[in-house]
Amino acid sequence: MTAPRLTLPSPAKLNLMLHILGRRDDGYHELQTIFQFLDYGDEITFAVRDDGVIRLHTEFDGVPHDSNLIVRAAKKLQEQSGCALGIDIWIDKILPMGGGIGGGSSNAATTLLGLNHLWQLGWDEDRLAGLGLSLGADVPVFVRGRAAFAEGVGEKLTPVEPAEPWYVVLVPQVSVSTAEIFSDPLLTRNTPPIKVRPVPEGNSRNDCLPVVARRYPAVRNALNLLGNFTEAKLTGTGSCVFGGFPSKAEADKVSALLTETLTGFVAKGSNVSMLHRKLQSLL
Ligand SMILES: C[C@](O)(CO)[C@H](O)COP(=O)(O)OP(=O)(O)OC[C@H]1O[C@@H](n2ccc(N)nc2=O)[C@H](O)[C@@H]1O
Ligand SMILES: Nc1ncnc2c1ncn2[C@@H]1O[C@H](COP(=O)(O)OP(=O)(O)OP(=O)(O)O)[C@@H](O)[C@H]1O
């Protein structure tokens, strides 16, 4: 008998602002950032196996099977929970890699939440977010599924409720290495912490932008083009660039003009991840 399949969303995120406060002894940077989700992302399908084998059936260019964050997340959860079950996994991948919209981190979080459900582990969110952090700084926010003001390396999360506009997201055809941007000597690393909550208006800067724009002409070009219509921002360390619009019609109009020469998409901002909305509907 074939096992039933469960398909779950794996949404993208945007960093609505990103300040770098300093560098820790382990080389990681202390940040303040606001994460919001997009109603746009990959879809991951799971089917439980009873032989303990973990197998991702979809191949990724340049990412070996055992290095894929989906497989690493599944293996860690299996090891730490002592679960004897395995899993077959397929992914419909639409999120660009190295785009700053968190595709790999989101895939890891969807895997953790999906397997917790299918393997009936009963882990709570704190424990899943803790395991997630060991896979990447952006994984915990995807595990928790609420738009958040993040501190530390991105793991200290306070829920926030920014406006939920329609975004035009441009995807310059370059993959930006997060590690490379964080090691650039010219990176601003001394922005004073914001101590007031909620974060006051006028703090929407991304400290990575000058370094990324200098290194990647394609990102600079996307910022300039979108900047003709709205405030154009960089998410994470890029490469993606985004701007908000009050309606889908306006976002579609600008997107149609820009995607004649650039790749991009339109998506709604969301303060609750579509993964969590789907999981809630299963209970
Ligand atoms: C820049 C952001 O995208 C903002 O959301 C994230 O903080 C990056 O999160 P991520 O892709 O999950 O990052 P990780 O896979 O943990 O780290 C990639 C590399 O970026 C650097 N890194 C990352 C996060 C951070 N707070 N400080 C860093 O210095 C480190 O060199 C690390 O080796
Ligand atoms: N399932 C996965 N999806 C995407 N990338 C993965 C995955 N597993 C491993 N990777 C590796 O992780 C790298 C970063 O991918 P990711 O899509 O998370 O980048 P990103 O959007 O810039 O993320 P972030 O905003 O978290 O920095 C990829 O270049 C790839 O080598």
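Ligands are counted one by one from 1 in listed order, and the atoms in each one are counted from 1 as well.
Using modelled atom types and a 3.5 Å distance limit, the side chains of N15 and N206 yield no donor-acceptor pair. Between the side chains of H19 and N203, not a single donor N or O lies within less than 3.5 Å of an accepting N or O. Side-chain contact annotation: H29 with R24, donor-acceptor N/O pair under 3.5 Å absent. Donor-acceptor pairing under 3.5 Å is recorded for the side chains of E231 and S204. R146 and S273 share no donor-acceptor pair across their side chains, judged by distance under 3.5 Å alone. Counting only N and O atoms by type, the side chains of T191 and R205 include a donor and acceptor under 3.5 Å apart. In this model, no donor atom of one side chain and acceptor atom of the other lie less than 3.5 Å apart for K93 and T58.
Interface of S105 with ligand 2, defined as ligand atoms under 4.0 Å from a residue heavy atom, comprises 18 (O), 26 (O). Shown in contact with K13 at under 4.0 Å from a heavy atom are these atoms of ligand 2, numbered in order with element: 25 (O). Near F60, with a cut-off below 4.0 Å to any heavy atom, the atoms of ligand 2 are 1 (N), 2 (C), 3 (N). Counting the atoms of ligand 2 from 1 in the order shown, those under 4.0 Å from a heavy atom of G100 are 20 (P), 21 (O), 22 (O), 25 (O). Using a 4.0 Å cut-off to heavy atoms of S105, the atoms of ligand 1 that qualify are 12 (O). The distance from ligand 2 to the heavy atoms of V63 drops below 4.0 Å at these ligand atoms: 9 (C), 30 (C), 31 (O). Taking every heavy atom of I101 and a limit of under 4.0 angstrom, the matching atoms of ligand 2 come to 21 (O), 25 (O). Those atoms of ligand 1 that come under 4.0 Å of a heavy atom in G27, given as number and element, are 29 (O).
Hydrophobic clustering of Ile, Leu, Val, Met, Phe, Trp and Tyr side chains at less than 4.5 Å, counting indirect connections, unites L257 with V168. In the hydrophobic clustering of this structure, V254 groups with V241; members are Ile, Leu, Val, Met, Phe, Trp, Tyr whose side-chain heavy atoms approach within less than 4.5 Å, directly or through other members.
For S175, the heavy-atom gap to ligand 2 stays at 4.0 angstrom or more. The closest approach between a heavy atom of G236 and any atom of ligand 2 is not below 4.0 Å. Ligand 1 has no atom lying under 4.0 Å from any heavy atom of G154. No heavy atom of G100 sits closer than 4.0 Å to any atom of ligand 1. The shortest separation from a heavy atom of R72 to ligand 2 is not under 4.0 Å, leaving the residue out of contact.
Residue, atom and distance of the protein heavy atom nearest to atom 26 (O) of ligand 2 are D138 OD2, 2.9 Å. Of the protein's non-hydrogen atoms, D138 OD2, 3.1 Å is the one closest to atom 3 (O) of ligand 1. Scanning the protein for heavy atoms near atom 12 (O) of ligand 2, the closest one is L69 CD1, 4.4 Å. F182 CD1, 3.5 Å is the protein heavy atom nearest to atom 21 (C) of ligand 1. From the protein, the heavy atom lying nearest to atom 20 (O) of ligand 1 is T178 CG2, 3.3 Å.
Among G104, G238, A137, A150, the residue whose heavy atom sits closest to atom 13 (O) of ligand 1 is A137. Around atom 14 (C) of ligand 2, the closest heavy atom drawn from P64, A12, G98, A179 belongs to G98. Here atom 17 (O) of ligand 2 lies nearest to G104 when heavy atoms of G238, G104, S239 are compared. Comparing Y28, F142, F35 by heavy-atom distance to atom 24 (C) of ligand 1, the nearest is Y28. Taking each of S177, G136, A179, G103 in turn, the one with a heavy atom nearest to atom 19 (C) of ligand 1 proves to be A179. In this comparison of H29, E30, R23, K13, the heavy atom closest to atom 29 (O) of ligand 1 sits on H29.
Between F245 and Y167, the gap from one ring centroid to the other reaches at least 6.0 Å.
Taking any N or O of N107, backbone or side chain, at least one lies under 3.5 Å from an N or O belonging to ligand 2. Inclusion of G102 in the set of residues having an N or O under 3.5 Å from an N or O of ligand 2 is warranted. Some N or O of N15 is nearer than 3.5 Å to an N or O of ligand 1, by distance alone. For ligand 2, the polar-atom distance check against M97 finds no nitrogen or oxygen pair separated by under 3.5 Å. At a 3.5 angstrom cut-off on N or O pairs, T178 counts as close to ligand 2.
Remark: D184 engages R215 in a salt bridge, criterion side-chain N to carboxylate O under 4.0 Å. Taking the charged nitrogens against the carboxylate oxygens, D39 and K268 have no contact shorter than 4.0 Å, which rules out a salt bridge. A salt bridge links D66 with K75; the closest basic N to acidic carboxylate O contact falls under 4.0 Å.
In this structure, R5 is positioned above the aromatic face of W90, its NZ or CZ under 6.0 Å from the six-membered ring centre and within 45° of the axis.
Screening I94, I70, D92 against D42 for a side chain to side chain contact (heavy atoms under 4.5 Å, CB included) leaves a single residue, I94.
To the nearest 0.5 Å, atom CG of residue L56 and atom CZ of residue R72 are 13.5 Å apart. Here the straight-line distance linking atom CG of N116 with atom CG of L128 works out to 4.5 Å at 0.5 Å rounding. In this structure, CG on L275 lies 6.0 Å from CG on L8, to the nearest 0.5 angstrom.
Under the 4.0 angstrom criterion, atom 2 (C) of ligand 2 counts as having a protein heavy-atom contact.
By the criterion of a heavy-atom distance under 4.0 Å, the side chain of L31, and not its backbone, is placed next to ligand 1.
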